[in-house]
Amino acid sequence: MSSRYNPQDAEPKWRDAWRQNDLFKAKHPSDAGDMPKAYILEMFPYPSGRLHMGHVRNYAMGDVVSRHKKAKGYNVLHPMGWDAFGMPAENAAMEKGVHPGEWTYQNIAAMKAQFEELGLSLDWSREFATCDVEYYGEQQRLFLKFLEHGLVYRKASKVNWDPVDQTVLANEQVIDGRGWRSGAPVEQRELTQWFFRITDYAEDLLEKLKELDRWPDKVRVMQENWIGRSEGLQMRFEWVEGQALPASADPAGLEIYTTRPDTLYGASFIALSPDHPLTIALAENDEALQSFRETCAQIGTSEVDIEKAEKLGFDTGLRVADPVKPGKTLPVWVANFVLMGYGTGAIFACPAHDQRDFDFARKYGLPILPVVRPSIPGSPGDKSGTQSDSDSDQSWIESGLGEDMSGAYVGPGTIMNSADWDGLAIAEAKPRAIAEIAARGLGEGTTNFRLRDWGVSRQRYWGTPIPVIHCDECGVVPVPVEDLPVKLPDDVSFDKPGNPLAHHPTWKHVACPKCGTPAHRETDTLDTFNDSSWYFARFASANDPAERAYWLPVDQYVGGIEHAVLHLLYSRFFMRAMRDVGEVDLPSGEPFAGLFTQGMVTHETYKTGNGRWVSPDQIELRDGVMVEIDTGLPVTVGAVEKMSKSKRNTVDPKAIIATYGADAARWFVLSDSPPERDVEWTEAGVEGAARFLQRVWSLVDAVAESGPGADTNEATALDVRRTAHKSTHAIDTAIDEFRFNSAIAAMHEWVNQLKKTEGKGADAARSEAADMLIGCLTPFMPHLAEACWQRLGHEGFVSATAWPDIDPAMLVDDTVTLPIQVNGKRRAEISVAKTASPDAIEAQALAEPALQSHIEGKAIKKVIVVPGRIVNIVVA
RNA sequence: GCCCGCGUGGUGGAAUUGGUAGACACGAGGGACUUAAAAUCCCUUUCCUGUAUAGGAGUGCCGGUUCAAGUCCGGCCGCGGGCACCA
């Protein structure tokens, strides 16, 4: 008996058995009967070639959910594939001379083997890689459909250029002014690029966020901010007559956008973006302005200290009429802080109530005219609640002169110095201003979004070729659908910087599909975020197109928070676009009904005295001092950080699985920390998990040994049964709510109880409980669970067995223990029948001997009885 | 600067949404078994009152609401994340 469980022997055996029985294949809708469907998906991995702990945690979570749903009777789809296009393959080609495709497929094979070792309940029948020609060919077909429906267009624009990867980046892919992958400072370049009209959907993408109630608020807020809706006024400032305007300028006036029409009376000047068409036109005949534009462009690319970037301006000498002060005119400046990409690229400046305008006005000696009086504290509209600390420097209210202001006032208040608008609250003045300007035909209320169209052209080889042909005669010609896929050529070289497709001697030379004259292919490929924007729809229909509508949307998506904006926003756009071109039947356009973003796996870091990082398996304790094993040098323990190669604090899952088994690794990454938070990997932690594994095994062994038998101790048996049902219920809901750490704690407690009741006359109850325990354990430690299931004498797989039945009668106790408080302090506890009336409870509580010293001789003012919870006696 | 989120033992964290704070685990200490070790098992482990059947304090800080606050409200402090010249 009491053998030890050996994961190294048992785990591969069970995985083989699952595979042979095709246990995790999703049922075709026509075979599913009335089973509800559950599409569980983890963000598919990039095939780097090796698994890391972050993967283990991500896929373990998805697997728990997936196995749980299966046990609960759902028809589960839990597929896996590979996000296989991208730069690392090209880097490998450049460094090692391997073809990106070969490198990628080798990595996939290696990684798939490691994935299989985790014992995940995956339906591999739908596997694909995004670099499979079948996949990217389909993606090309989608592109052409988008093009046909006007969802794709080409335009020349300033783009973010990554000088290391030598390619364009979307705005979403620029983080802190650096390329999201290369980390290199991004430069601005003018290129002709393909764009997706994601802004067409801005309103809907924002609006529908509200309905994604199974998404983390955090992600919704991030997307909301990213889309960045603002309401304001777009209006025209008319030119002062008799000025020499460039030919291209609109004689009617200058269009600006503002969200503060209420401050129109505080207008001091107009500011144009350096990239505004009017600025460019003026610069053609003005060298000083041209050099000013160049200065701005340089600062624009340095990015890093943009915060400190000084306000720079250039007076064009032009003037416009002040729309609310007849006879008054305003100067037109070019200002480096005005962005061409937002609104109209021109603003009216109200220095008194905008900090940027204020800084600019101070620097160039422009007027500052306050038009908002701060709210009186405590009055309606005042949100500060306390004495405003700006009181001290508000002498400008009395003086009416902005020169006294120490900074722009942007808080709540009432309008002043604004003729008829005086006395209005800001919120009242805005619509009033818009209405008045509109009535005069000078503008109208508009909504603006921060979101820009998605630039998808990339100057890379290892991606989906954009299926169009450029013809001198016909212009841009889509590749005819029957000529798809446009395959990537295999014979490419990476010895030159830039795009290998553009360098290829023959690939791009084709005849124009329309006129037959020599033409050339587009050599740009699609941003790889395209690949991941619809792969989940492909999984759904991998075996039968008709399944797509059945499986979508994904019921539960699991992945990293780093995709909060990029991947998740693009996917939401893609589903809407695919819906609108008839490629997917998904009315809401929402691909992911539920989303969970998991935390990272972290580890302590170690450094030698000279600052060299040391890996965890290279250190040991010698005489109480941490040293590097090879050199004996002392090592200091640093911060706990995300596992990364550069910090050398990674732990290889392969080694962990070889030592402790997949179950222990899975168990540990899910225990202790809540799944959305980071978990610190520790050796002691895995050892604890491995210990628990053995504990379960020895428990099951003992239960199997003594057999079901009979219960001789009624009370203990009832206890055992109650715990079993309560625990099963607790674990059930904890899994549904992504509280895996709580589920694990419940299993620990349960096992502890079953251990303690060995030989206590509850064999029958313990035997039932053990069956239930193994059922609950299965999603977490599937291999061990199978072994235990077999040891307990069951046929078949526990992985294919229904979730244990919960008897509601077992969830409530006959008697409950109630704490008794006196004036809110706990003084005693009593045991009462579940059904006891509040009066009976009160009587029993007041009679409790342990309480007497606290209530004796005191007047009882009130007794609060909350049945099943607490009794509180209030005494004088 | 703006927008989110979070502050609980030595550590990771529980606490049924206002009702016994510290479940569970890690670590630490003590003990049993053993020739010994490993493994396993048992006990202790928020702080203070030298002892505790007992009492007091306690969930970042200050105040409030309530019979009752880790949980709700107001104000501070600290940490983490996102956005960042978006008019």
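Naming convention: chains lettered A, B, ... in sequence-line order (proteins, then strands); numbering from 1 in each chain.
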Chemist: Could you give the NZ-to-P distance, from A:K726 to B:A23, as a whole number of Å?
Modeler: 18 Å
Chemist: Can you tell me if A:R450 touches the phosphate of B:A84, counting only side-chain N or O atoms and a distance under 4.0 Å to OP1 or OP2?
Modeler: yes
Chemist: With a 4.0 Å cut-off on N to O distance, would you call A:D359 and A:R362 a salt bridge?
Modeler: no
Chemist: Looking only at the side chain of A:Y257 (C-beta and beyond, no hydrogens), which of the listed nucleotides B:A23, B:A87, B:G19 gets closest?
Modeler: B:A87
Chemist: Please state how far atom CG in A:L851 lies from atom P in B:U53, giving the value in whole angstrom units.
Modeler: 19 Å
Chemist: Would you say a side-chain N or O of A:N741 is under 4.0 Å from OP1 or OP2 of B:A14?
Modeler: yes
Chemist: B:U16 P sits how many Å from A:D732 CG, rounded?
Modeler: 18 Å
Chemist: For A:S671, report the nucleic acid contact type (base, sugar-phosphate, nothing); a contact means any heavy atom under 4.0 Å.
Modeler: nothing
Chemist: Side-chain N or O of A:K218 less than 4.0 angstrom from OP1 or OP2 on B:G5?
Modeler: no
Chemist: Could you tell me how far B:C2 sits from B:G22 if I compare only their P atoms? Round to whole Å.
Modeler: 40 Å
Chemist: Under 6.0 Å from the NZ atom of A:K726, do we count more than 12 heavy atoms belonging to anything else shown?
Modeler: yes
Chemist: When we call it a touch if two heavy atoms are under 4.0 Å apart, what does A:N823 touch: a base, just sugar-phosphate, or nothing?
Modeler: nothing
Chemist: With rounding to the closest Å, how many angstrom separate the P atoms on B:U34 and B:A54?
Modeler: 37 Å
Chemist: Which whole-number value in Å describes the distance from A:I873 CD1 to B:C67 P?
Modeler: 16 Å
Chemist: How far does CG of A:N448 sit from OG1 of A:T258, to the nearest 0.5 angstrom?
Modeler: 10.5 Å
Chemist: Taking 4.0 Å as the cut-off, does a side-chain nitrogen or oxygen of A:R826 come that near to OP1 or OP2 on B:G55?
Modeler: no
Chemist: Please give, in whole Å, the distance from B:A87 C1' to A:N336 CG?
Modeler: 14 Å
Chemist: Under 4.0 Å from OP1 or OP2 of B:A25: is there any side-chain N or O of A:N752 that close?
Modeler: yes
Chemist: Would you say the base of B:C85 and the side-chain of A:K311 have a donor-acceptor pair closer than 3.5 Å?
Modeler: yes
Chemist: Want to settle it: does A:E676 or A:L818 sit nearer the 5' end of RNA chain B, counting the closest nucleotide to each?
Modeler: A:E676
Chemist: Please map the stems of RNA chain B, keeping only stretches of three or more Watson-Crick or G-U wobble pairs with both distances under 3.5 angstrom.
Modeler: B:1-7 with B:77-83, B:10-12 with B:24-26, B:27-32 with B:40-45, B:46-49 with B:54-57, B:60-64 with B:72-76
Chemist: I need the CE-P distance between A:M222 and B:C83, as an integer number of Å.
Modeler: 6 Å
Chemist: Quick one: do A:E676 and A:K218 make a salt bridge, cutoff under 4.0 Å?
Modeler: no
Chemist: Of the candidate nucleotides B:G55, B:C83, B:C4, which contains the atom at the shortest distance from the side chain of A:R827?
Modeler: B:G55
Chemist: With syn defined as a glycosidic torsion within 90 degrees of 0 and anti otherwise, which applies to B:G9?
Modeler: syn
Chemist: Write down the distance separating the P atoms in B:G1 and B:G12, rounded off to the nearest Å.
Modeler: 29 Å
Chemist: A side-chain contact here means heavy atoms from C-beta on lying under 4.5 Å apart; do A:P323 and A:F237 qualify?
Modeler: yes
Chemist: Counting the atoms with a prime plus P, OP1 and OP2 as sugar-phosphate, which does A:V338 contact under 4.0 Å by heavy atoms, base, sugar-phosphate, or nothing?
Modeler: base
Chemist: Please determine if a side-chain N or O atom of A:R695 lies less than 4.0 Å away from the OP1 or OP2 oxygen of B:C41.
Modeler: yes
Chemist: How far does the C1' atom of B:G7 sit from the matching atom of B:G13, given to the nearest Å?
Modeler: 13 Å
Chemist: For salt bridge (charged side-chain N to carboxylate O under 4.0 Å, His left out), just list the numbers for A:K363 and A:E310, CA-CA rounded to whole Å, side-chain angles, deciding distance to a tenth of an Å, and then say yes or no.
Modeler: CA-CA 10 Å; A:K363 179 162 177 183; A:E310 207 174 327; 2.8 Å; yes
Chemist: List the steps and the verdict of ring pair (Phe, Tyr, Trp, His ring centres under 6.0 Å) for A:F692 and A:W667.
Modeler: CA-CA 9 Å; A:F692 180 71; A:W667 185 261; 4.8 Å; yes
Chemist: For the side chain of A:V221, counting heavy atoms from C-beta on, which of B:A21, B:A87, B:C4 is nearest?
Modeler: B:C4
Chemist: Nearest to the side chain of A:D672, which nucleotide is it out of B:A68, B:A25, B:A87?
Modeler: B:A25
Chemist: Please check if any side-chain donor atom of A:N225 sits under 3.5 Å from a side-chain acceptor atom of A:R450, or the reverse.
Modeler: no
Chemist: Under 4.0 Å between any heavy atoms, over every strand shown, what does A:V874 touch: base, sugar-phosphate, or nothing? Just pick one.
Modeler: sugar-phosphate
Chemist: Rounded to whole angstrom, note down the P distance from B:U71 over to B:G81.
Modeler: 26 Å
Chemist: Are a donor atom and an acceptor atom from the side chains of A:Q753 and A:T723 found within less than 3.5 Å of each other?
Modeler: yes
Chemist: Return the nearest nucleotide to the side chain of A:F337; candidates are B:A14, B:G19, B:C85.
Modeler: B:C85
Chemist: Calculate the interatomic distance between A:F692 atom CZ and B:A39 atom C1'; express it in whole Å.
Modeler: 18 Å
Chemist: Using heavy atoms to find the nearest nucleotide of RNA chain B for A:G343 and A:D678 separately, return the residue whose nucleotide is more 5′.
Modeler: A:D678
Chemist: Tell me what A:K825 touches on the nucleic acid: a base, only sugar-phosphate, or nothing, going by heavy atoms under 4.0 Å.
Modeler: sugar-phosphate
Chemist: Does OP1 or OP2 of B:C26 have a side-chain N or O of A:R691 closer than 4.0 Å?
Modeler: yes
Chemist: For the residue pair A:I227 and A:L569, establish whether any side-chain heavy-atom pair is separated by less than 4.5 Å.
Modeler: yes
Chemist: Taking the P atom of each, how far is B:G70 from B:G19, in whole Å?
Modeler: 10 Å
Chemist: NA contact type, A:E680, heavy-atom cut-off 4.0 Å: base, sugar-phosphate, or nothing?
Modeler: nothing
Chemist: Considering just the side-chain nitrogens and oxygens of A:H854, establish if one lies under 4.0 Å of OP1 or OP2 belonging to B:G55.
Modeler: yes
Chemist: Would you say NZ of A:K755 has more than 12 non-hydrogen atoms from neighbouring residues, nucleotides or ligands within 6.0 angstrom?
Modeler: yes
Chemist: Using a cut-off of strictly less than 4.0 Å, decide whether A:R869 has a side-chain nitrogen or oxygen near OP1 or OP2 of B:U20.
Modeler: no
Chemist: Contact class for A:N872 vs. all strands (heavy atom < 4.0 Å): base, sugar-phosphate, or nothing?
Modeler: base
Chemist: Counting side-chain heavy atoms from CB outward, which of B:A15, B:A87, B:C24 is closest to A:T259?
Modeler: B:A87
Chemist: Choosing from B:A87, B:A25, B:G13, which nucleotide comes nearest the side chain of A:H748?
Modeler: B:A25
Chemist: When all nucleic acid strands are considered with a 4.0 Å heavy-atom cut-off, which category describes A:R229: base, sugar-phosphate, or nothing?
Modeler: nothing
Chemist: Say we look at B:C61 and B:G9: how far apart would their P atoms be, to the nearest angstrom?
Modeler: 10 Å
Chemist: Name the nucleic acid region contacted by A:R739, choosing base, sugar-phosphate or nothing; use a 4.0 angstrom heavy-atom cut-off, strictly under.
Modeler: sugar-phosphate
Chemist: Between B:U65 and B:C72, how many Å separate the two C1' atoms, rounded to a whole number?
Modeler: 8 Å
Chemist: Mind listing the side-chain donor-acceptor pairs of residues 728-738 of chain A below 3.5 Å, one per line with the distance, residues two or more places apart or on another chain?
Modeler:
from   : atom 1 : to     : atom 2 : distance (Å)
A:T728 : OG1    : A:A724 : O      : 2.7
A:D732 : OD1    : A:H68  : NE2    : 2.6
A:D732 : OD1    : A:K72  : NZ     : 3.3
A:D732 : OD2    : A:K72  : NZ     : 2.8
A:T733 : OG1    : A:H729 : O      : 3.1
A:T733 : OG1    : A:A730 : O      : 3.1
A:E737 : OE1    : A:R739 : NE     : 2.9
A:E737 : OE1    : A:R739 : NH2    : 2.9

